[in-house]
Each structure stands twice: as C-alpha cells, then as structure tokens.
Asks: 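Would you mind keeping the following structure in view while I ask a few things?
Remember, predicted model here, so these are calculated numbers, not experimental data. Order of appearance sets the numbers: ligands from 1, and atoms from 1 within every ligand.
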Amino acid sequence: MAQANGKIILLGEHAVVHGFDAIAVGIERGARAHAQVAAPARLQLGHLSAVAGDGSELSTAYEALLTELALGPHHVQVELELPPGAGLGASAALGVVIARAVLELHPRAGSSARVLAAAGAWERVFHGNPSGIDVAAAERGGCLLFSRSQGVRVIPVARELSLVVALAGAPASTRQMVEQVQQQLDTRGEIVQKTLEAIGALVVNARLCIESGDLPGLGQLMNLNQMLLAGLFLSTEGIERACAVARAAGALGAKLTGAGGGGAVVALSAGDPESLLSAFHAAGLPCFATRVLPSSGGLAP
Ligand code: PMV
C-alpha cells in the first residue's frame with residue numbers, strides 16, 4: 001500500500017500562487033493506494049470509477065499522470081481519508097499516492113522527482129495553475145516553506161504545534177478561488193498586489209516564530225493572515241464564525257486554510273486541543289486535532 005499526506009497551509013495560500021513563500025505542514029490523514037499492471041487504465045476512487053477515454057475530469061487527470069510516468073496502463077484503487085475540496089490537499093494527496101502506487105511496481109523507475117512530476121500533471125487538470133505547495137507537502141510531510149522559485153525548504157520546529165482543523169463550510173473549487181484572485185489582480189491590481197506582499201511579510205515572520213517557538217506570535221500572524229484573505233473576498237460567514245469560535249475557546253490564532261470560499265479553518269491551540277475540539281463540536285462543526293512535532297518537523301496523528 002502506498003501512502004501520501006494531506007496538508008494544512010499555516011500561512012501564505014494564494015500569495016504562493018503569485019511567487020511568495022507559504023508555510024505548509026503535512027498531516028497524517030491523506031490517501032492510500034494499491035496498483036496493478038492492467039489494461040485499460042482504470043482508477044477506482046471509493047465508489048467513483050474512471051476508465052481511460054471516458055472523458056471525465058478524473059480519467060483525464062489519471063491519464064495525464066500515467067502519460068507523465070510512461071509506464072503503461074494500470075489499475076489503481078485509492079482510498080481518501082480527507083474531505084475533498086476542503087483545502088486540506090486531498091487532490092494532491094491522491095496524485096502523489098497514485099504515482100507512488102504505480103512506481104512501487106517498477107522499483108527502478110521510482111524517485112521523488114518522478115512522483116512530483118506525475119502528481120503535478122494530475123493537479124494541473126483540476127487546478128489550472130497550482131503553485132505546487134500541495135503536491136510538495138503531500139510528497140514530503142513535515143513543516144515546509146515553499147515558493148515556486150525555490151521549491152521546498154524544511155522549517156525546524158522549536159515547539160510542538162498543536163492544531164485543530166474544523167470544516168467551516170461546503171467545499172469550494174480551488175480553481176475558481178485562484179481565478180477570482182487573478183481577476184482582482186487584473187481589475188484592482190495595485191491594492192491586491194500590496195495585500196499579497198503583506199501576506200508574504202507575515203510568512204517571513206511566521207517562519208521565525210516557528211523556528212523560535214513563539215506560538216502566541218505565530219497565532220497573531222495567522223489572525224492577520226485571515227484578515228488579509230478576507231480582504232481578497234476569500235472568507236465566508238461560516239469561516240468567520242468558526243474562527244470566532246476558536247478564538248473564544250482560547251486559540252492563539254485561527255484562519256481559513258487552502259483556497260477558502262468554504263472548506264476548512266485551522267486553529268493554533270495553546271496546548272491541549274480538547275477545549276477547541278469541544279467548542280467546535282458544540283458549534284456543530286466536524287473537526288480533528290493534529291500535531292507537528294518539535295525540530296523533526298515530523299508527522300503525528
Ligand atoms: O485548497 P487547496 O488544498 O487546493 O489549497 C490551495 C492553495 C492555493 O494557494 C490557494 C493554491 C495553490 O496552488 O497554491
């Protein structure tokens with residue numbers, strides 16, 4: 001069984017599409033897959049099935065991935081452990097895990113560069129203009145600084161990050177949200193560019209907070225990032241409500257994560273995540289806790 005991570009963007013989504021750094025952490029929930037060599041190429045994702053040439057978006061993405069790998073047709077069965085469209089990197093986790101499952105059958109063909117290239121081809125079908133941060137986090141895990149020009153740099157984590165993710169609204173299309181920011185750049189470019197630069201500055205400071213263990217500082221930067229994302233019309237009433245619930249329950253910071261327009265909120269807990277989990281439950285929001293361990297930048301359940 002091949003495996004890949006989901007991800008949480010701690011700060012910097014959308015700005016990363018336009019060349020700025022963003023910070024992501026891998027989470028253990030992700031996707032698992034099993035492959036066999038067989039024709040015609042076929043993908044089984046839960047109850048969804050896609051066969052090469054059926055014209056669906058799923059089969060187009062799967063064919064793009066297989067074409068990039070150039071290893072012939074395969075049957076792949078995938079299980080997704082993340083809600084799709086919630087900003088938790090579900091589609092990137094699928095692309096990475098499918099590429100890994102196929103490459104596992106061809107041990108001499110495998111390398112992380114090939115996984116990234118194949119998953120990138122898959123992502124482009126769904127997202128149009130992905131920055132690559134989702135695929136990098138799904139492939140690598142840990143706590144990462146990512147930019148289009150510099151790729152992945154590992155951030156050493158001084159103090160454990162205790163995070164709680166809540167589903168604050170219906171899934172949104174990453175492609176549409178990214179296009180909406182591009183349209184704003186086209187129509188009111190100067191102010192949007194300033195907002196993206198400000199988000200870039202928050203990311204620079206957040207990296208220092210993670211490296212020095214300044215969790216209250218990190219939380220404040222997350223709150224500021226949320227305000228700037230709201231200024232780009234990426235927030236929703238549900239997201240604002242979920243952030244307010246988290247802050248009232250003692251979160252150091254809370255913001256949307258991923259594309260926005262719905263989907264997930266991430267809150268930084270001051271320690272034990274229990275009070276945040278109960279507050280989200282009381283507000284009727286599905287949620288889970290995850291941790292990023294110190295210095296290793298490693299994964300925890
Ligand atoms: O919503 P997700 O998990 O697809 O995250 C998207 C992150 C964006 O910065 C909005 C897009 C991108 O490609 O980086």
Side-chain angles (χ1 to χ4, degrees), residues 4-27 29-31 57 61 80-97 116 119-141 144-152 163 165-185 192 195-200 202-203 206 222 225-226 228-236 238-239 242 255-266 290:
N5 307 310
K7 67 91 189 58
I8 297 169
I9 298 184
L10 278 188
L11 283 99
E13 51 273 272
H14 287 285
V16 69
V17 174
H18 301 280
F20 295 92
D21 280 336
I23 299 172
V25 297
I27 57 174
R29 281 168 189 241
E57 200 174 42
L80 184 61
E81 302 156 340
L82 294 164
L88 299 175
S91 80
L94 288 174
V96 167
V97 83
L116 289 173
W122 161 277
E123 277 281 270
R124 277 189 294 279
V125 173
F126 294 112
H127 286 192
N129 181 23
S131 65
I133 189 169
D134 284 17
V135 166
E139 201 273 328
R140 213 173 176 301
L144 308 174
L145 190 68
F146 179 91
S147 74
R148 277 185 186 269
S149 60
Q150 295 190 61
V152 165
L163 302 168
V165 173
L167 293 183
S173 151
T174 300
R175 180 193 281 271
Q176 274 174 21
M177 303 315 288
V178 167
E179 280 172 6
Q180 184 184 307
V181 172
Q182 183 59 53
Q183 277 162 18
Q184 292 181 57
L185 263 173
V192 173
T195 304
L196 297 176
E197 281 165 18
I199 292 174
L202 297 180
V203 168
M222 289 168 68
N225 195 169
Q226 171 58 25
L228 293 173
L229 289 165
L232 294 173
F233 306 107
L234 296 164
S235 193
T236 62
I239 288 170
K255 61 181 276 295
L256 69 83
T257 184
V265 157
V266 59
T290 187

Asks: Would you say that I199 contacts L11 through its side chain, given a criterion of any heavy-atom pair below 4.5 Å between the two side chains?
Replies: no
Asks: Measuring only between side-chain heavy atoms, which start at C-beta, is Q150 closer than 4.5 Å to L145?
Replies: no
Asks: For Q176, does the CD atom sit with more than 12 other heavy atoms under 6.0 Å from it, leaving out its own atoms?
Replies: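 For Q176, atom CD is not crowded (no more than 12 foreign heavy atoms under 6.0 Å).
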Asks: If we only count heavy atoms from C-beta on, is the V178 to V181 side-chain gap below 4.5 Å?
Replies: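 Not touching, per the 4.5 Å side-chain cut-off.
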Asks: Does V17 offer a backbone N or O that forms a donor-acceptor pair with the side chain of R148 under 3.5 Å?
Replies: yes
Asks: Do E81 side-chain atoms and G30 backbone N/O form a donor-acceptor pair below 3.5 Å?
Replies: yes
Asks: Collect the protein residues that have a non-hydrogen atom under 4.0 Å from ligand 1 and hand them over in chain and number order.
Replies: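 Around ligand 1, where the cutoff is 4.0 Å for heavy atoms, the contacting residues are K7, I9, E13, H14, V16, V17, G87, L88, G89, H127, P130, S131, I133, D134, T174, V178, G258, A259.
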